[in-house]
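Structure record follows, encoded as structure tokens.
All ligand and atom numbering here is 1-based and tracks the order in the structure.
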Amino acid sequence: MNIPANRTDRSYRLHGAEYDEAALRVLRSGYLILGPEVKAFESEFAAFHGDDFFCAGLASGLDALWIGMKLLGIGKGDEVIIHANAYIASVMGITLNDATPVFVEPGDDSQLDPDTLENAITPRTKAVVAVHLYGQICDMDKVTEICRKHGLLLIEDCAQAHNACWKGRKAGTFGDIGCFSFYPTKNLGAFGDGGAILSRDPDFIEKVKVFRNYGSGKRYYNEMIGANSRLDELQAALLRVGLKYLDETTEMRRRLADRYSSGIDNPLIIKPAETPGSRAVWHQYVIRCEKRDELIEYLKSRDIGSIIHYPIPPHLQEAYAYLGHKKGDLPFTEKLASTVLSIPFYLGMTDEEQDYVTEALNAFR
Ligand SMILES: *Cc1c(COP(=O)(O)O)cnc(C)c1O
């Protein structure tokens with residue numbers, strides 16, 4: 001059996017006829033940019049999070065972070081605290097605005113740790129980015145309280161956490177803004193690139209909509225210098241199908257995670273667990289193993305794919321050499337980078353495929 005780490009063809013096939021219909025509807029309409037599908041998706045995605053939310057569709061998750069932070073006024077001289085094991089895009093959203101990322105160690109659950117966060121606050125701290133990694137979510141009671149107490153902006157990176165909850169409340173609804181990616185492998189995935197910003201503030205969302213279209217709210221009248229970062233009609237129409245089934249596909253992911261958690265039994269492997277108080281949506285199923293690199297080769301010999309999320313933490317990337325970090329600065333983060341492994345996990349994975357992976361993992365010595 002050949003089992004890749006991920007397969008987007010399977011999620012397409014779950015609702016293939018509806019995706020086909022949505023795509024053709026757009027192609028035949030002749031309306032391809034900023035039309036009725038984007039408008040409908042924005043209001044449906046906002047309503048999914050609650051009656052008092054607004055949404056702007058964008059070209060990617062990175063753009064959501066970059067534009068969101070820019071329009072919140074984050075810039076040169078500002079420090080932005082982020083956990084050091086986050087994805088590089090979460091950090092680039094900060095540095096594209098010339099602000100300085102301040103890396104802190106994550107908690108044992110790989111999420112933002114309220115204690116290391118609070119210890120890193122200085123008079124220059126302007127904002128905090130909580131990256132809900134792997135479909136888990138951090139203690140949002142503590143994080144929102146710290147931000148409120150110190151007057152800090154809170155940005156939630158929900159690129160891996162669509163529909164995740166903290167005490168029944170959805171990821172993206174706690175911060176000043178929630179930033180989403182619809183990259184094809186995400187829990188709500190397009191068939192190309194896409195992203196969005198969620199906020200309670202309708203004026204802010206209007207500003208994002210102006211910025212994403214060359215700073216133009218009215219055609220050929222430019223009120224600010226903006227960018228071209230539009231979610232297109234085709235992706236919006238396809239996302240509307242995915243959104244309709246998001247509760248259902250979230251349950252499918254939770255079932256897959258439960259099956260792995262009850263089936264995997266090997267003292268060499270640490271399994272991920274749902275943080276108490278949260279509902280994880282299992283973007284990835286990330287195990288930890290001291291013999292990680294041997295495990296990858298072993299799985300490969302059995303035709304099982306795997307991915308490392310992520311092998312080099314941002315503070316050790318060449319792009320961030322100018323920050324002056326060195327190996328050993330963030331030992332727990334670096335330890336995670338050398339031990340984490342995402343095993344095959346995708347919608348439409350069969351029990352037979354999953355059992356094959358589980359048995360292989362249990363036989364690893
Ligand atoms: C995917 C991802 C992003 C970036 O999204 P793109 O749409 O690929 O630009 C940002 N943050 C996290 C945590 C991600 O997983």
So, is [X] polar-close to ligand 1, with some N/O to N/O distance under 3.5 Å?
X: G61; answer: yes
X: Y87; answer: no
X: D193; answer: no

For this session: Would you mind telling me if ligand 1 is within reach of the side chain of A89, the backbone, both or neither, using heavy atoms under 4.0 Å?
Result: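 Side chain only.
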Exercise. Considering only heavy atoms, does D63 approach ligand 1 within less than 4.0 Å through its side chain, its backbone, both, or neither?
Worked result: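 Neither; no heavy atom under 4.0 Å.
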For this session: For atom NZ of K271, decide whether the heavy atoms of other residues, nucleotides or ligands shown that lie under 6.0 angstrom number more than 12.
Result: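 Yes - once you tally the heavy atoms of other residues, nucleotides and ligands closer than 6.0 Å, there are more than 12.
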Exercise. If you look at every heavy atom in G348 and R10, which pair is closest and at what distance?
Worked result: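 Where G348 meets R10 most closely, the heavy atoms are O-NH1, 2.8 Å.
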Problem set entry | For the student: nearest non-hydrogen atoms of V102 and A120, plus distance |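 Nearest heavy atoms, V102 then A120: CG1-CB, 4.2 Å.
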Shortest protein contact, [atom] (heavy atom only):
atom: atom 2 (C) of ligand 1; value: K186 NZ, 2.8 Å
atom: atom 9 (O) of ligand 1; value: L62 N, 2.9 Å
atom: atom 11 (N) of ligand 1; value: D157 OD2, 2.7 Å

Number the atoms of ligand 1 from 1 as they appear, then name those within less than 4.0 Å of a heavy atom of [X], with their elements.
X: V131; value: 13 (C)
X: S90; value: 11 (N), 13 (C)
X: S60; value: 7 (O), 9 (O)

Exercise. Is NZ or CZ of R253 both nearer than 6.0 Å to the six-membered ring centre of F345 and within 45° of the ring axis?
Worked result: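 The answer is no; the distance or angle limit is not met.
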Exercise. So, K126 and E79, do they make that salt bridge, N to O below 4.0 Å?
Worked result: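 Looking at E79 together with K126, the answer is no, because their closest N to O distance does not fall below 4.0 Å.
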Exercise. Taking C-beta and beyond as the side chain, do P36 and E233 meet within less than 4.5 Å on heavy atoms?
Worked result: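 Yes, at least one pair of side-chain atoms sits under 4.5 Å.
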Exercise. Name the one of H83, H315, K335 that satisfies side-chain contact (heavy atoms from CB on, under 4.5 Å) with L330?
Worked result: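 Of all the options given, the one that passes is H315.
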Exercise. Where the side chain of D63 meets the backbone of R230, is there a donor-acceptor pair that is under 3.5 Å apart?
Worked result: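 No; zero donor-acceptor contacts below 3.5 Å.
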